[in-house]
Amino acid sequence: MTYDVSALRAQFPALKAGIAHFDGPGGTQTPTPVIEAIAGALGSPLSIRGTVAPGEINAERTVGDFRHAMADLLNADPAGIVFGRSATQLTYDLARPLADQWEAGDEVIVSRLDHDANIRPWIQAAERVGAVVRWAEFDPATGELPPEAVGALLTPRTRLVAVTGASNLIGTRPDLPAIASLVHEAGALLHVDAVHLAAHAFVDVRHLGADFAVCSPYKFFGPHHGVLAADPALLATLRPDKLAPAGDAVPERFELGTLPYETLAGTTAAVDFLADLAPSREGSRRNRLRSAYAAIETHEDALRETAEAGLYALDGVTTYSHAADRTPTLLLTFRDRPAQDAYHYLATLGVHAPAGSFYALEASRHLGLADTGGLRVGLSPYTDTEDVERLVTGVAEFLKR
């Protein structure tokens, strides 16, 4: 079997509107099986988790299915899968109890390449205890964040390093295993923002060396929320604030209140949907996910090359996505023309490519783009050749106006 993008697109009701979506880094559209799973959960008996009444049993099974699905997606322990409202919220919730273990003079390393959700929570946590924040700089010319940029900052006082798995602004994928090796040799922990990475690549948190990793299912066809993956034993060393009668078991001690079961059911369906994109339906879900992501990467890389060839050939376009290993995410600016103008013009053509810095403030500033950023072109598994042609033609028309 080959990657059939037409058959894939047919499973997304939103694509019937005829919009060419290049807003995947901000969230993908939702396929029918995920929509049906959410409705199915809401249409079945549901109540507080338990083992007696049908609603209790349904709720318990839904939570378990969710943890196992995300564990398969990330190669994590199901007992270390934590639900959160967003990756940002989970990072804040993690930063507070971690910082309780730090002392004045301890050090935290953050990266200019990152989304602010993997920067500001750590800076603010460090400030509260008097820890020192050090910055790992990426090369604005190449977009690369070499391991040595992190390694040079490590000291015996380093407690945590926070780095992205892939830049949501320019797509750069740092060499996480190499960074993790340096971090762990220094005795520190590594927190990985895998939100953008998990949308495009087969993630193995153990291979990456991530002690903590967060992602967001709505970036890969699921509902809007966040997920944290970590070793349950490591989570057990942290004491987050919680209600007195709430359970203290891991991972529940990090999940405040009743979980949204319909959302969890939708996330499980999204993981299954991804696995079903594998050329073969045989093997474990984890193995099918590996095969599916290989097919997705081949498809997206081919379209990225087509888009780059068309866009980079246009006079007046400046590009910023140049790392050797990167996701299909391009950042563009235009000579004497605001990127916001291109965004608005393309929207009139039914092409959605938004402009901004997309919470990657430090990266945008480091690239010399202040807080304005540029036009971000993000491809998704359902992007097709016609979408790319419409984008390139639209940008060409914009430049002539």
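Positions are given from 1 along the sequence.
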Is a side-chain N or O of R390 found less than 3.5 angstrom from the main chain of L349, in a donor-acceptor match? yes
Report yes if some heavy atom in the side chain of D387 is under 4.5 Å from a heavy atom in the side chain of Y382; otherwise report no. no
Among H196, E297, R173, whose side chain to side chain donor-acceptor pair (under 3.5 Å) with T327 holds? H196
Any heavy-atom pair between the side chains of L153 and E137 that's under 4.5 Å? no
Do the non-hydrogen side-chain atoms of L90 and F212 ever get within less than 4.5 Å of each other? no
Over all heavy atoms of both residues, which pair between V205 and A76 is shortest? Give the atoms and the distance, please. CG2-CB, 4.1 Å
Above 12 or not: heavy atoms from other molecules or residues under 6.0 Å from NE2 of H366? yes
Considering all heavy atoms of both residues, which atom of P354 and which atom of Y343 are nearest to each other, and what is their separation? CA-CD1, 3.5 Å
Euclidean distance, N168 CG relative to L113 CG, rounded to 0.5 Å: 9.0 Å
Please walk me through it: do L346 and L375 pass side chain to side chain contact (heavy atoms under 4.5 Å, CB included)? CA-CA 11 Å; L346 290 170; L375 187 81; 4.0 Å; yes
Please confirm whether Y293 and F220 have ring centers closer than 6.0 angstrom. no
F202, CZ: over 12 other non-hydrogen atoms inside 6.0 angstrom: yes
May I ask you to decide if A370's main-chain N or O and S364's side chain share a donor-acceptor pair within less than 3.5 Å? yes
Do the side chains of E386 and R9 get close enough for a salt bridge, i.e. N-O under 4.0 angstrom? no
List the steps and the verdict of side chain to side chain contact (heavy atoms under 4.5 Å, CB included) for T267 and M70. CA-CA 8 Å; T267 296; M70 287 305 304; 3.7 Å; yes
Backbone N or O of G222 within a donor-acceptor pair of the H225 side chain at under 3.5 Å? no
Electrostatic pair E107-R157, nearest N-O below 4.0 angstrom: no
Would you please test L176 and V163 for side chain to side chain contact (heavy atoms under 4.5 Å, CB included) and show each step? CA-CA 8 Å; L176 288 182; V163 68; 3.6 Å; yes
Supply the atom-to-atom distance Q101 CD to L189 CG, rounded to the nearest 0.5 angstrom. 8.5 Å
Angle class for the Y345/F398 ring planes (parallel below 30°, perpendicular above 60°, tilted otherwise)? tilted
Go through the structure and list residues passing side chain to side chain contact (heavy atoms under 4.5 Å, CB included) with H207, not counting sequence neighbours. P177, D204
Are Y92 and Q124 close enough that a side-chain donor and a side-chain acceptor fall under 3.5 Å? yes
Report the distance from atom OG1 of T62 to atom OH of Y261, rounding to the nearest 0.5 Å. 8.5 Å
If the condition is side chain to side chain contact (heavy atoms under 4.5 Å, CB included), which residues does T32 pass it with, not counting sequence neighbours? P13, E36
Does this structure show an ion pair linking R120 with E127, if we count only N-O contacts that are shorter than 4.0 Å? no
Spacing of CG belonging to L314 relative to CD belonging to E397, to within rounding of 0.5 Å: 11.0 Å
Is a side-chain N or O of T88 found less than 3.5 angstrom from the main chain of A117, in a donor-acceptor match? no
In terms of side-chain geometry, is the basic nitrogen of E308 or R304 positioned less than 4.0 Å from the acidic oxygen of its partner? yes
Between the main-chain N or O of A69 and the side-chain N or O of D72, is there a donor-acceptor pair closer than 3.5 Å? no
Examine distances only and state if a side-chain atom of S216 and a backbone atom of K219 form a donor-acceptor pair shorter than 3.5 Å. no
At their closest point, which heavy atom of A141 faces which heavy atom of H322, and how far apart are they? O-CD2, 3.7 Å
D77 vs D231 side-chain heavy atoms within contact, under 4.5 Å: no
Are the side chains of D211 and L160 in contact, using a 4.5 Å heavy-atom criterion? no
Rounded distance [0.5 Å steps], CG in D114 versus CD in E362: 10.0 Å
Is the shortest heavy-atom distance from the side chain of V203 to the side chain of N75 under 4.5 Å? no
Passes side chain to side chain contact (heavy atoms under 4.5 Å, CB included), T383 versus E300? Steps please. CA-CA 8 Å; T383 306; E300 290 183 333; over 6 Å; no
Tell me whether S291 contacts the main-chain N or O of R288 through its side chain, where contact means a donor paired with an acceptor under 3.5 Å. no
Please name all residues satisfying side chain to side chain contact (heavy atoms under 4.5 Å, CB included) with A178, sequence neighbours left out, ordered by chain then number. P147, D175
Tell me the closest heavy-atom pair linking L367 and I170, and the distance in Å. CD1-CG2, 3.9 Å
Test log, rule salt bridge (Lys or Arg N to Asp or Glu O under 4.0 Å), inputs R239 and D248: CA-CA 9 Å; R239 310 302 307 182; D248 197 41; 2.9 Å; yes
Any luck finding a side-chain donor-acceptor pair between S380 and H21 under 3.5 Å? no
May I ask you to decide if A236's main-chain N or O and R253's side chain share a donor-acceptor pair within less than 3.5 Å? yes
What's the shortest heavy-atom distance between A265 and A41, and which atoms? CB-CB, 3.8 Å
Please report the closest heavy-atom contact between A292 and A275, naming both atoms and the distance. CB-O, 4.4 Å
Does the plane of the ring in F83 sit parallel, tilted or perpendicular to the ring in F66? Use 30° and 60° as the thresholds. perpendicular
I'd like to know if the side chain of R337 and the backbone of F334 have a donor-acceptor N/O pair within less than 3.5 Å. no
Would the distance check show the side chain of S47 and the main-chain N or O of E56 forming a donor-acceptor pair, the cut-off being under 3.5 Å? yes
Contact between L154 and I109 at the side-chain level, heavy atoms closer than 4.5 Å - yes or no? yes
If you round to the nearest 0.5 Å, how far is CG of L264 from CZ of R61? 13.0 Å
Are R376 and Y320 side-chain neighbours, meaning at least one heavy-atom pair lies under 4.5 Å? no
